[in-house]
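If you read the sequence from its start, that first residue is 1, and numbering goes on from there.
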Amino acid sequence: MRYVAEMAETAMETVVRVRVRYAECDPMNVAHHSVYPVWLELARTELLREQGAAYKDLEASGVLFVVARMSLRYHRPAVYDDELEVWVLAEPVVGAKIEHRYEVRRRGSAEDASSVDVLATGQTTLVCVDRAGKMQRVPAGLLP
């Protein structure tokens with residue numbers, strides 16, 4: 001994980017496994033670029049859940065997160081039925097912002113399970129807001 005060495009020890013991370021579904025592919029059986037943000041959201045939602053907070057419960061209490069910035073870089077294609085790992089790391093919270101870094105990876109074949117292809121890398125900035133859309137601090141203890 002190339003980003004881990006750059007982060008403070010307080011950063012949180014997890015890996016979510018997804019399989020590329022047929023409906024996510026173009027006519028050449030390549031995963032369409034539009035599904036990568038969905039996979040990133042899945043990973044960061046699970047990271048939040050692992051910290052003991054379900055996003056639907058946060059929303060019910062008036063704590064919402066909006067994506068203020070997203071960047072993705074595609075390195076290699078994912079294809080139909082690939083099993084992927086979506087790694088996410090949440091950097092330490094600063095005020096109303098949470099920064100995430102991602103890697104979408106494919107493990108090697110059974111013969112060479114140690115190899116890993118990084119298919120995409122990305123970053124997002126989430127901003128915590130109330131129901132009126134006004135920025136608010138990320139609740140204490142939610143993430144590092």
Separation of Ser115 OG from Arg105 CZ (nearest 0.5 Å): 12.5 Å
Contact summary for Leu119 and Pro77, nearest pair of heavy atoms: CD2-O, 4.0 Å
Val63 vs Cys128, side chain to side chain contact (heavy atoms under 4.5 Å, CB included): CA-CA, chis, key distance, verdict: CA-CA 7 Å; Val63 176; Cys128 188; 3.7 Å; yes
hydrophobic_cluster_shared for Val30 and Val35, side chain cutoff 4.5 Å: no
Closest contact, heavy atoms only, His33 versus Tyr74: O-OH, 3.1 Å
Nearest-0.5 Å distance that lies between atom CG in Leu64 and atom CG in Leu58: 8.5 Å
Heavy-atom pair with the smallest gap, counting every atom of Glu24 and Arg19: OE1-O, 3.9 Å
His75 versus Ala120, closest heavy-atom pair with distance: CD2-CA, 3.6 Å
Pair Glu46-Thr14, side chain to side chain donor-acceptor pair (under 3.5 Å): steps then yes or no: CA-CA 8 Å; Glu46 289 306 312; Thr14 195; over 6 Å; no
Single-linkage hydrophobic cluster Tyr22~Val20, side-chain heavy atoms < 4.5 angstrom: no
Working for salt bridge (Lys or Arg N to Asp or Glu O under 4.0 Å), residues Arg101 and Glu91: CA-CA 8 Å; Arg101 295 184 186 214; Glu91 297 180 15; 2.7 Å; yes
Transitive ILVMFWY side-chain link Val104 to Tyr80, under 4.5 Å: no
Closest heavy-atom pair and its distance - Arg76, Val118: NH1-O, 3.7 Å
Side-chain ion pair, Glu59 and Lys56, N-O less than 4.0 Å: no
Check against side chain to side chain contact (heavy atoms under 4.5 Å, CB included), Glu83 and Arg107: CA-CA 8 Å; Glu83 187 173 358; Arg107 293 261 172 218; over 6 Å; no
Check: Gln136 side chain, Gly62 main-chain N or O, donor-acceptor pair, under 3.5 Å: yes
Sequence neighbours excluded, every pair satisfying ring pair (Phe, Tyr, Trp, His ring centres under 6.0 Å) that has a member inside residues 38-69: Tyr36-Trp39
Any donor-acceptor pair under 3.5 Å from Asp26 side chain to Met28 backbone: yes
For Arg44 against Leu126, the heavy-atom pair lying closest together: NE-CD2, 3.7 Å
Val66 reachable from Leu47 in the ILVMFWY side-chain graph, under 4.5 Å edges: yes
Test log, rule side chain to side chain contact (heavy atoms under 4.5 Å, CB included), inputs Leu89 and Glu103: CA-CA 9 Å; Leu89 179 137; Glu103 285 187 355; over 6 Å; no
Partner of Val86 under side chain to side chain contact (heavy atoms under 4.5 Å, CB included), chosen from Val38, Leu42, Leu40: Leu40
same_hphob_cluster(Val79, Leu72) at 4.5 Å side-chain heavy-atom cutoff: no
Sequence neighbours excluded, every pair satisfying side-chain hydrogen bond (donor to acceptor under 3.5 Å, both in side chains) that has a member inside residues 64-73: Arg69-Glu99, Arg69-Thr125
